[in-house]
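Here's the structure we're looking at; comments come further down.
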Amino acid sequence: MIHRYRYGGENIVIDVPSGSIHLVDDLAYRLLANDDYHLVTDEIRQDFSAEQIDQAIGELDELKESGLLHSVDQTKQIVDRFPKRSDIKAICLHVAHDCNLRCDYCFASSGDYQGSRELMSLETGQKALKFLCQHSGQRYQLEVDFFGGEPLMNWPVVKQLVAYGRQLEPIYHKKFRFTLTTNGLLLDDEIEDFLHREMSNVVLSIDGRKPTNDRVRKTLNNKSSYDIIVPKFQRFIKGRGDKQYYVRGTFTAHELAFSQDVEHLHQLGFKELSMEPVVAKPGEPYALTEEHLPRLLQEYERLAQTMLEAYNTDDEFRFFHFEIDLAGGPCAVKKAGGCGAGIEYLAITPSGELYPCHQFVGDEQFLLGDLDQGIIYPERRNRFNHLSVFDKPDCQNCWSKYYCSGGCHANAFNFNADLTVPYRLACELERKRVELAIYLAIKKMEVDRATQVS
Amino acid sequence: MKKHVKTVYIGKQEACGECQTCNQGC
């Protein structure tokens, strides 16, 4: 399988199984419209000489013989050689089912996940870290994401859990990678110093321009959160040094021009940016629908152009979905297997319940067990071991399957009531993002080469 | 020197489990 597309004056061809990428001229591009590019149409014969056509076909043959074009897909055979694993390597630790914001679109139902407002006790958190160590097999690097609600509402426990994790590392021969997601309202000097020291990544939530942000991200007394958090975030990244952070927003039907919100965040001084489409059922006033798609695709194009213009200058910034690591990307098992939710990744609630990921928390049909008894419903967990791209019918003929790995299971269930049927709108957005990410990777290589020459 | 095709990335088809979890590289 190949995918070919035209963008920014380039004819781009992707060999799906190998991930090889080629730039081709108009003749080769038109020949590749046919799976058997030896079948030359009359239109092509009218536009090009026999010598040109033979030469182009010869070059395509050479690529094919080298396994770089129309290569035979062996990914499934590679993946099947490895036994399905049950080791856990990452947990989303819900230290607070409470929040000091009331965001309209919150999938966590303003922080409580359709339950009672609750903070995780130190004892439960310690059990969770021990549970992770004891169920991670030979895996050395473990990840713990402090999440909520708003995790800073349970700050003393976060600090004590990090210290406890560091104590466990030599005992179990593990290394914890701690991360935290916050709305920033409670950031202060003491918290920031600790986050810089102990957190490998910090995700800072803000939706962009003040009207965009404040329309949906409201404080408890219905005031602007933008005015409070922007100075705090700016101070935070000044002290962050070269450690990882992301300023991350959500775009909704209320404001489709999300590229302007990303650019605004960039103008505020943030360099590591992410902007996600809201996940909401149709009928919600802020929900994205198919009719929004053309505009959203334009917004991604606009953002890609802005990024390209800023590349290799002092204004350079990164957008999460356009970061694609061609040379150092994931292995076949990771590409086909997806996010690992339910298997290597679990969410743990303040009371110690286990769910496949944070998106499923509160939905009792996905409860997997608890910290005291472990996995109580192995058949529920096992469903998630059969959600690779090979298990999703819609993915079979999709060129992007090894870049998106089958999409978000929670989206599939929320929109289609079936874990194996991806959410179509998300697929369309993802395909566009991958096309642009590959285009940007090509153009960045060109800039890098030109810079080296000069 | 090819005239019609320029390969910009040579991919290859071929589970240590140590990569990060929710484009990331290994």
Side-chain angles (χ1 to χ4, degrees), chain A residues 13 15 17-25 27-28 52 55-56 59-60 62-63 66-69 71 73-75 78-79 82 85 87 89-90 92 137-141 143 177 320-321 323-334 339-341 344-345 357-358 403 408 437 441-442 445, chain B:
Chain A
V13 177
D15 179 59
S18 73
S20 300
I21 298 168
H22 315 282
L23 292 176
V24 303
D25 67 4
L27 169 55
Q52 287 175 309
Q55 191 177 48
E59 291 182 14
L60 295 175
E62 206 176 307
L63 289 180
S66 304
L68 305 179
L69 185 74
S71 62
D73 194 344
Q74 298 173 314
T75 310
I78 293 169
V79 171
F82 297 89
R85 303 178 69 152
D87 301 337
K89 70 171 187 180
C92 185
Q138 297 300 307
R139 295 185 176 196
Y140 173 65
Q141 304 200 51
E143 295 171 69
R177 181 178 184 273
F320 178 75
H321 288 297
E323 293 299 314
I324 192 160
D325 188 350
L326 294 176
C331 64
V333 170
K334 180 77 172 174
C339 61
E344 59 185 21
Y345 174 86
C357 87
H358 50 281
Y403 295 102
C408 172
I442 293 168
M445 285 187 228
Chain B
M1 184 71 178
K2 291 188 173 69
K3 287 187 172 178
H4 303 275
V5 175
K6 178 182 170 191
T7 297
V8 292
Y9 172 64
I10 297 175
K12 54 184 174 179
Q13 292 194 41
E14 183 159 10
C16 69
E18 298 289 354
C19 51
Q20 292 171 24
T21 50
C22 205
N23 293 350
Q24 285 307 98
C26 174

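- Using a 4.5 Å heavy-atom cutoff, the side chains of A:Cys339 and A:Tyr345 are not in contact.
- Listed for the A:Ser66 side chain is no donor-acceptor partner under 3.5 Å among the backbone atoms of A:Leu68.
- Between the B:His4 side chain and the A:Leu60 main chain, no donor and acceptor come within less than 3.5 Å of each other.
- The part of A:Ala28 that comes within reach of chain B is its side chain, from C-beta onward, which places non-hydrogen atoms under 4.5 angstrom from that chain.
- Counting heavy-atom pairs closer than 4.5 Å to chain B, the top residue among A:Gln52, A:Met445, A:Gln74 is A:Gln74.
- Proximity to chain B (any heavy atom under 4.5 Å) is shown, for A:Leu69, by neither the backbone nor the side chain.
- Neither the backbone nor the side chain of A:Asp15 comes within less than 4.5 Å of any heavy atom of chain B.
- At a 4.5 Å heavy-atom cutoff, the contact between A:Val24 and chain B is made by backbone and side-chain atoms alike.
- Listed for the A:Glu59 side chain is no donor-acceptor partner under 3.5 Å among the backbone atoms of B:Lys2.
- With rounding to the nearest 0.5 angstrom, the CD1 atom of A:Ile21 is 5.5 Å from the CD1 atom of A:Ile442.
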